[in-house]
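Okay, structure first, notes after.
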Amino acid sequence: MKKAIAPAPPTPVGGPAERLALIHSVLAAEAKAGGHPPPALIAISKTFEADSIRPLIAAGQRLFGENRVQEAQAKWPALLAETPGIELHLVGQLQSNKAADAVQLFHAIHSVDRPSLVKALAKAVAAAGRQPMLFVQVNIGDEPQKGGVATADLPGLLALARSEGLRIEGLMAVPPADRDPAPFFALLAKLARDHGLSGLSMGMSGDYDIAARLGATHVRVGSALFGIR
Ligand SMILES: *Cc1c(COP(=O)(O)O)cnc(C)c1O
């Protein structure tokens with residue numbers, strides 16, 4: 001591991017194509033070192049307007065992530081109409097009353113974290129006749145203020161999702177700030193393995209390299225691509 005504590009995200013250099021190339025080369029090298037395939041790179045475009053997003057699309061990026069349903073609804077329909085093949089991922093907290101909207105707009109939802117949301121999503125999926133890729137968000141450091149299901153409650157939530165007919169792809173987490181993320185990524189990977197889940201959504205601008213080394217299948221990178229919010 002190159003570093004114990006993830007530093008502040010670096011100020012991105014170069015244009016979108018250079019930024020993407022740099023991140024992809026790091027992801028490939030770290031994943032290979034860890035014995036894993038390289039993860040998918042989700043560009044987190046929250047707070048950035050369409051004009052900041054288009055250059056990344058022009059550079060070939062197709063996976064994008066937002067953290068608010070309303071913001072995504074305002075911004076993305078036009079961009080999706082311009083370019084076929086874009087996948088939109090929701091990475092922020094989802095209110096149950098927005099579950100139907102989220103199922104309509106997003107290709108994946110990374111923030112399934114409580115029984116009421118599982119039930120709302122099951123209803124929305126049945127109505128829509130399609131299911132986005134779903135990740136259960138785990139409060140991997142069991143921090144009181146943090147989103148995600150407590151690690152102790154994960155088995156129950158996965159069982160509920162199964163009984164409601166939802167397919168869960170994997171687990172997502174944001175490790176505690178200012179701590180070495182590696183043990184938390186390793187724990188998330190172990191939990192996913194224990195539950196037979198193949199997806200691992202972990203790693204952001206400051207620690208995507210460590211996440212890739214530890215088997216992330218999806219990294220969520222915002223400021224290293226778009227600049228500081
Ligand atoms: C904003 C956000 C990211 C991206 O964060 P950066 O540090 O800008 O890369 C990733 N995951 C979630 C859940 C986020 O809210």
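Hydrogens, waters and symmetry mates play no part in the numbers below; they use all other heavy atoms, side chains included. Predicted, not measured: the structure shown is a model, and the values here were computed from it. Remember, it's 1-based here, ligands and their atoms both numbered in the order they're listed.
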* Stepwise side chain to side chain contact (heavy atoms under 4.5 Å, CB included) check, Phe64 with Leu79 -> CA-CA 11 Å; Phe64 289 87; Leu79 288 167; over 6 Å; no
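- Atoms of ligand 1 found under 4.0 Å from any heavy atom of Met172, numbered from 1 in the order shown, are 13 (C).
- Using a 4.0 Å cut-off between heavy atoms, Lys46 contacts ligand 1 through its side chain alone, with no backbone atom that close.
- Not a single N or O atom of Asn67, backbone or side chain, sits closer than 3.5 Å to an N or O atom of ligand 1.
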* Asked: Step by step, would you call Asp194 with Lys190 a salt bridge (Lys or Arg N to Asp or Glu O under 4.0 Å)?
  -> CA-CA 6 Å; Asp194 290 350; Lys190 180 187 181 321; 2.6 Å; yes
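- Enclosure of atom NZ in Lys146 by more than 12 non-hydrogen atoms of other residues, nucleotides or ligands within 6.0 angstrom is indicated.
- Atom numbering of ligand 1 starts at 1 in the shown order; those under 4.0 Å from a heavy atom of Val91 are 12 (C), 13 (C).
- Listed by number with element, the atoms of ligand 1 under 4.0 Å from a non-hydrogen atom of Arg220 are 4 (C), 9 (O), 10 (C), 11 (N), 12 (C), 13 (C).
- Counting atoms of ligand 1 from 1 in the listed order, those under 4.0 Å from a heavy atom of Ser205 are 6 (P), 7 (O), 8 (O), 9 (O).
- Of all atoms in ligand 1, numbered sequentially from 1 with element shown, those under 4.0 Å from a heavy atom of Val221 are 9 (O).
- Checking side-chain atoms of Gln131 against main-chain N and O of Arg167 turns up a donor-acceptor pair under 3.5 Å.
- Side-chain contact between Ile140 and Met202 is absent, with no heavy-atom pair separated by less than 4.5 Å.
- Put simply, the side chain of Arg68 does not reach to within 4.5 Å of the side chain of Lys46, judged on heavy atoms.
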